[in-house]
Protein chains: 2
Amino acid sequence: MSTAAAPDRRSRRRQQTIDEILDVSVALMETEGVAALSLSAVARRLGMQPPSLYQYFPSKLAIYDALFQRGAEQIRDAQREARDGAEPADQLSAAMNAFSRWCMANQVLTQLLFWRPIPGFEPSPEAFAPAVEGLADLKAFLQQEVDSGQLDPRATSDDGIALFTAMTAGVLSQQMANEPQATFENGRFMKLMPVVLEMFYQRYQPTRGKEK
Amino acid sequence: MSTAAAPDRRSRRRQQTIDEILDVSVALMETEGVAALSLSAVARRLGMQPPSLYQYFPSKLAIYDALFQRGAEQIRDAQREARDGAEPADQLSAAMNAFSRWCMANQVLTQLLFWRPIPGFEPSPEAFAPAVEGLADLKAFLQQEVDSGQLDPRATSDDGIALFTAMTAGVLSQQMANEPQATFENGRFMKLMPVVLEMFYQRYQPTRGKEK
DNA sequence: GTCTATAACGCGATAGAC
DNA sequence: GTCTATCGCGTTATAGAC
C-alpha cells in the first residue's frame, strides 16, 4: 500500500536505470539485429549482473514491449510536431515525411513495430495504445483533406486507409530491406514516398472520383 | 577423390534426408516463428541426435540459406507457370497473383526472403540467384506491356520497378503483419493488390504519360 | 523495502572423439 | 551416424547490502 504514489528521489533514480536499459538494448540491437538482443550483453554494458535486470523488467519480452511503446509514442509525437509546424494544406505530407524520417533513423524500433521479428512477442494493450493514436491521427489528416475538397470521402474508408498505409509501408520496407544504410534524404526507395502520395491523391481525386 | 561424382543410391538417400530436414524446419518455424528455429527440435522430430544434423548442414545459418534458395526458386517457378498459362496481355497480372498467393501460403519463407529476421544471416550468392531471376522475369513482364503499348517505357526504369515492388511488398507486408491468418482470397489488404496494379498502369499510362 | 550479487537449472548451438 | 563436452543464454532462488 505504501508503494502506490511516491514520486521521490528513488523512483527517479529507478526510472533513469530503466531508460538506460532501454537505450543500451536499442544500441545492441542496432549492431547485432533485433532478434539478437541478449540480456547478458545489456548487463555487461551496464556493469551489472544479468539477474539484476529482473528488478526492472520481468522478462526479456517485457523489454521488447517497453521498446514497442517507446517507438509508437515517438512516431505519434513526431507526426504531431510535424502537423503543428505546417500549414493545414501541407499537414498530411508533413506528417508522412516525419514518419518516414523517424523510421529510417530508428530502423530497429521500426522493425519491432511493423514486422513481427520476435517469436512469442505480442505488444501489450498499453504498448499498443500510442500506435492506435497515431493511426487515428492519420485518419484525421485524411479527413482534413476530404473536408477541404482535396480528397474524395472514400479516402477515409477502411480501404482508403489500408491503401495509404500499405503504400507507405511498402516503400519503407523496400528501403530498409535493400538499402538499410541509406538516409531519409538519399534512399533510392525513399524518394518514391512523394510519388505514392501523389498516386493516392490521384486515385481519390474528388468530384470526378471513379472506381472500376 | 572418390566422393567427387557418384549419383548413386546413397546420394539419393542423402538428398532425401536433406529435404526432410528442410520440411521439418519450415513446419517448426510456422508454429514457433522464423527466428525460433531450433536444431534440437528438428532433430527430435526426425528421431536424430542434434549433432547428426551437422552431417547435412554445416550450421544453422546454412539451413536458413537452403530455405532461402528453396523459397526463391518456388516463387520464380510459380510466376513462370502463371505466365505460361495466361494470354500475353494478362501475364503481368497473373504473375503478380501467383506471387501473392505463394507468399500468403508460405509466410515463413516470405519473411526469410523479404525481411531480415535472422541476425547474422545473409543469403549466399547461389541462394540469391533465383531471386535475381525472378526480378528479371518481372522486368520482362513490364517490358512486354511497354512493347504492346499498355505502359510507358518509364515503367521499366529502375524507379518504375522499385515502385512496382514497393507497392506489392507493401500490400503483402501489411497483410502478413496485421492479418496473417487470412488467405490470398479473403485478406483485407490482399484485395488491394489489383488496386495498386491499376494505379501503376495509371501512372505509367502511355502516349500522355506525365511526371511532375 | 530496494538493489545487487552468487549459484544453479535447463536449454540451445556446436566441436571433437568414437 | 552417436556421445560427450563446452559455452552462452534466459531465468529462478536465495542471500546479503543500502
Side-chain angles (χ1 to χ4, degrees), chain A residues 1-22 24-29 31-67 112 117-122, chain B residues 2-3 6 8-22 24-29 31-67 112 117-122:
Chain A
M1 283 188 174
S2 65
T3 64
D8 55 358
R9 312 106 207 136
R10 291 193 182 147
S11 73
R12 237 179 302 134
R13 175 104 188 84
R14 182 177 166 79
Q15 186 57 46
Q16 192 176 327
T17 307
I18 288 177
D19 289 339
E20 276 177 41
I21 293 172
L22 296 180
V24 169
S25 297
V26 170
L28 287 174
M29 288 192 286
T31 66
E32 303 298 323
V34 187
L37 176 62
S38 148
L39 293 193
S40 307
V42 172
R44 267 193 299 274
R45 280 250 197 141
L46 290 172
M48 283 179 162
Q49 293 301 318
S52 302
L53 294 174
Y54 283 74
Q55 281 287 326
Y56 304 95
F57 294 97
S59 73
K60 190 176 170 179
L61 291 186
I63 293 185
Y64 283 122
D65 201 56
L67 291 176
L112 195 60
I118 311 299
F121 169 61
E122 284 291 320
Chain B
S2 65
T3 63
D8 54 359
R9 311 106 208 137
R10 289 190 184 149
S11 74
R12 237 179 302 136
R13 177 103 189 85
R14 182 179 165 79
Q15 185 57 46
Q16 193 176 328
T17 306
I18 288 178
D19 289 340
E20 276 177 40
I21 292 173
L22 295 180
V24 169
S25 297
V26 171
L28 286 175
M29 288 192 286
T31 66
E32 304 297 324
V34 187
L37 176 62
S38 149
L39 293 193
S40 307
V42 172
R44 269 195 297 275
R45 280 250 196 140
L46 290 172
M48 283 177 164
Q49 295 302 317
S52 304
L53 293 174
Y54 285 76
Q55 287 285 325
Y56 302 95
F57 293 97
S59 75
K60 190 176 169 178
L61 291 186
I63 294 184
Y64 282 122
D65 201 56
L67 291 175
L112 195 60
I118 310 300
F121 169 62
E122 284 291 321

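The basis for the numbers below is simple: all heavy atoms, side chains too, and nothing from hydrogens, waters or symmetry mates.
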Problem - Pair B:Arg12-B:Arg9, side chain to side chain contact (heavy atoms under 4.5 Å, CB included): steps then yes or no - result: CA-CA 5 Å; B:Arg12 237 179 302 136; B:Arg9 311 106 208 137; 4.1 Å; yes
Exercise for the section: Please assess B:Ile63 against B:Lys60 for the test side chain to side chain contact (heavy atoms under 4.5 Å, CB included), listing each intermediate value before the final yes or no. Expected result: CA-CA 5 Å; B:Ile63 294 184; B:Lys60 190 176 169 178; 5.5 Å; no
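Nearest heavy atoms, A:Pro117 versus A:Ala35: O-CB, 4.2 Å. A pairwise comparison of heavy atoms in A:Tyr64 and A:Val34 identifies OH-O, 3.0 Å as the closest pair.
Within 4.0 Å (heavy atoms only), B:Gln49 reaches sugar-phosphate atoms of the nucleic acid but no base atom. Among the heavy atoms of the strands lying under 4.0 Å from A:Tyr56 are primed sugar atoms or P, OP1, OP2 only; no base atom is included.
Note that the CE atom of A:Met29 and the CG atom of A:Leu112 stand 6.5 Å from one another [nearest 0.5 Å].
Residue A:Arg14 places no side-chain N or O under 4.0 Å from the OP1 or OP2 atom of C:dT2.
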Practice task
Determine, for nucleotides 5-18 of chain D in 5'-to-3' order, which nucleotides have protein heavy atoms under 4.0 Å from the base (write B), from only the sugar-phosphate (write S), or from neither (write -).
Solution key: ----SSBBB-----
Per-pair distances, 0.1 Å, donor-acceptor, side chain in residues 37-59 of chain A, under 3.5 Å, sequence neighbours excluded:
from, atom 1, to, atom 2, distance (Å)
A:Ser38, OG, A:Ser40, N, 3.3
A:Ser38, OG, A:Ala41, N, 3.0
A:Ser52, OG, A:Gln49, O, 3.3
A:Ser59, OG, A:Leu61, N, 3.3
A:Ser59, OG, A:Ala62, N, 3.2

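Summarising the geometry, the separation between CE on A:Met48 and P on C:dT4 is reported as 4 Å, rounded to the nearest angstrom. The nearest whole Å value for the distance from the CD atom in A:Glu20 to the C1' atom in C:dT4 is 15 Å. Atom CD in B:Gln55 sits roughly 14 Å away from atom C1' in D:dC3 (whole-Å rounding).
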